[in-house]
Amino acid sequence: MARQAAEYDVVVVGTGASGMSAAVTAAYEGLKVLVVEKAPVYGGTTARSGGWLWIPGTKLAKEQGIHEPAGAARAYLQHEATTHFDGARVDAFIENGPKAIEFFTEKTCVQFDMPPVFPDYHAEAPGGLPGGRSMVTRPFDARELGARVEQLAPPVPELTVFGMMLGSGKELWHFLRAFKSLESFWYVSKRFAGHLLDVVRHGRGMTLTNGNALAGRLAKAAMDLNIPVWLSSPVKRLIVEGDTVVGVTVWREGKPVDIRASRGVVLACGGFPHDIERRKALFPHAPTGREHFTPSPELNTGDGLRLAEMVGGWVDPTIPNAAAWCPTSVTQRSDGSQGVMPHFIDRAKPGVIAVTQSGRRFTNEALSYHDFIQELVKACKGAPEVTCWLICDHAHLREYGLGCVAPFPLPIGKHLKSGYLKRGSSLAALAKEIGVPVAALTQEVQTFNRDAATGVDTRFGKGSTAYNRYQGDSLVKPNPCMAPIEKGPYYALKIVVGEIGTFAGIATDASCQVLTKDQRKVNGLYAVGNDAASIMGGNYPGAGITLGPALTFGYVVGQTLANSAVLKPQLEQREALAA
């Protein structure tokens with residue numbers, strides 16, 4: 001029999017950006033909030049992410065002199081979401097996104113930086129823009145978390161250098177040019193020195209960047225508001241009275257604990273990236289549910305979706321893409337565990353192409369990760385495996401790196417020894433090594449090299465869009481995404497299908513309240529983040545389309561709960577007692 005715990009106004013399930021933003025907003029508005037987390041660490045998928053947020057019309061954009069045309073964001077999202085465009089939820093996102101950014105940047109320690117140029121992934125589409133919608137979390141000093149830093153989920157090891165997190169954008173640019181520019185060499189040297197000093201003093205790096213910085217900042221905001229966070233405390237069931245969710249049963253310290261939530265329960269469990277059965281049902285490339293590789297936290301097994309379904313919530317299975325697809329490569333870590341490396345930008349660099357097992361290119365390699373995988377799945381239809389190879393020469397590999405293989409001066413031997421990286425003295429030798437037709441691969445490289453001289457990819461248009469060019473190398477002319485593949489040895493790296501978060505989720509209304517299949521509200525139950533169906537309709541319009549809505553709708557549900565008429569008498573009574 002479960003023992004009774006203290007009552008709360010709100011119980012939030014999950015410590016990623018959506019859950020923590022909901023908790024911080026609600027607590028700031030005066031509610032008594034509890035956050036429970038299944039894992040022994042906090043941060044969820046957010047802590048492993050790039051830390052970018054896509055939100056149109058923010059004050060950060062206006063400070064850069066970027067003022068959106070009226071209706072552009074809505075037109076863009078309608079174009080992207082196609083059959084799954086939800087006007088009410090999109091309008092709520094567009095209206096509240098700027099408010100959420102203003103709230104967090106002015107009332108909490110959560111801060112962001114916006115580059116003057118970061119194009120939407122489909123900037124040429126109706127309503128698309130060449131910049132002003134994607135922002136990144138500002139680096140954060142982990143020492144501000146005190147002892148709680150030990151419980152912060154780590155970043156993906158494959159995205160670190162000697163355990164050091166690299167910031168997106170300018171910092172990564174410096175690291176790629178450390179041996180080409182005195183300024184960059186000095187920057188990288190100082191960064192390494194600071195990291196090594198932190199490791200000596202604290203046992204780990206203390207400069208948090210990207211998603212780890214966002215998770216850390218939200219945790220500090222919660223600490224400042226004295227919000228309790230229970231780790232290793234999975235929710236086993238929702239408590240329902242009549243037609244209303246009134247609490248949760250949590251497994252804590254070996255015992256079930258019933259927790260009352262007088263106004264609502266917020267599901268923010270991170271979607272279903274490790275739910276084999278739901279992957280089997282919704283991922284076309286994974287007929288058994290296991291032909292899929294994800295860097296998402298292993299404990300993100302679809303708990304939120306199942307909890308909602310138990311009380312009538314509906315998970316829409318018809319969304320065109322059930323996840324935010326990402327090309328990944330699989331490596332073996334020094335401890336013997338499997339590592340999954342997401343390939344975000346290396347495909348766009350000059351001097352690399354992708355070929356299927358036929359030896360043929362199949363798409364523009366510089367497409368967004370989501371679009372690239374859609375093209376790969378189509379190209380591999382009927383094949384025994386959905387896979388491709390990234391191909392480059394020695395000069396490219398040492399200048400830019402590839403996947404887990406870092407650029408010069410870091411060695412590549414361990415990757416060759418493990419088989420992660422394949423090498424051939426000639427294109428023919430490489431083709432035989434990876435089992436693709438020699439003639440096909442040779443012809444593809446010859447055609448690409450001919451096009452690289454003119455800067456026009458006649459096959460697939462690599463480097464033809466603003467996003468392509470942004471991810472290329474601006475110092476390479478005439479096309480920042482193209483350079484010849486001409487001097488051996490040659491290298492290949494195997495790509496398989498993964499994702500960076502799931503899209504198919506619980507149906508909700510514009511206030512994040514969970515809905516049944518026939519659109520009835522489930523009283524007292526809300527869903528945000530990857531637990532809720534994506535407002536992007538199964539598409540990926542720009543950098544940060546998961547975290548932008550996560551923070552925004554976390555803010556929305558926090559405000560919704562705080563402004564509930566049901567709560568007003570309780571708040572007034574609490575204020576009277578405090579006085």
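All values below were derived from every heavy atom in this structure, side-chain atoms included, with hydrogens, water molecules and symmetry-related copies excluded.
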Mind listing the closest non-hydrogen atom pair of [X] and [Y] along with its distance?
X      : Y      : answer
Asp393 : Lys487 : CB-O, 3.2 Å
Phe272 : Ala504 : CE2-O, 3.2 Å
Leu390 : Ile495 : CG-CG1, 3.7 Å
Ala72  : Glu68  : CB-OE1, 4.3 Å
Cys388 : Leu376 : CB-CD1, 3.7 Å
Thr331 : Cys404 : CG2-SG, 3.9 Å

Do Arg347 and Phe372 form a cation-pi contact, if we require the NZ or CZ to be under 6.0 Å from the six-membered ring centre and within 45 degrees of the ring's axis? yes
Within 45° cone of Phe553 ring axis and under 6.0 Å: Arg89 NZ or CZ: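 Yes.
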Atom CE of Met135 and atom OG1 of Thr58: how far apart are they, to the nearest 0.5 Å?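 Result: 4.0 Å between the selected atoms.
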With rounding to the nearest 0.5 angstrom, report the CG to CD distance, Leu60 to Gln64. 8.0 Å
Modelled atom types, side-chain donor and acceptor of [X] and [Y], under 3.5 Å:
X      : Y      : answer
His274 : Thr294 : no
Asn479 : Asp457 : no
Asn300 : Thr45  : yes
His122 : Asp371 : yes
Ser368 : Tyr467 : no
Thr502 : Glu499 : no

Aromatic ring pairing His396/Tyr400, orientation class (parallel under 30°, perpendicular over 60°, tilted between): tilted
For the residue pair Trp325 and His292, does the interplanar ring angle fall in the parallel (under 30°), tilted (30 to 60°) or perpendicular (over 60°) class? perpendicular
Any side-chain heavy atom of Gln357 within less than 4.5 Å of one from Trp389?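 Yes. Closest side-chain heavy atoms under 4.5 Å.
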Thr552 side chain to Gly548 backbone, donor-acceptor under 3.5 Å: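 Such a contact is found between Thr552 side chain and Gly548 backbone.
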Hey, does the side chain of Glu365 reach the backbone of Ala354 with a donor-acceptor pair shorter than 3.5 angstrom? yes
Checking ring-ring contact (aromatic ring centres under 6.0 Å, His included) against Tyr121, which of Trp52, Tyr76, Trp54, Tyr540 comes through?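 When Trp52, Tyr76, Trp54, Tyr540 are each tested with Tyr121, the ring-ring contact (aromatic ring centres under 6.0 Å, His included) holds only for Tyr540.
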Please, which pairs that meet side-chain hydrogen bond (donor to acceptor under 3.5 Å, both in side chains) have at least one residue in residues 527-538, sequence neighbours excluded? none
Indicate yes or no: does Lys462 engage Asp451 in a salt bridge with an N to O separation below 4.0 Å.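 A salt bridge is absent here (no side-chain N lies under 4.0 Å from a carboxylate O).
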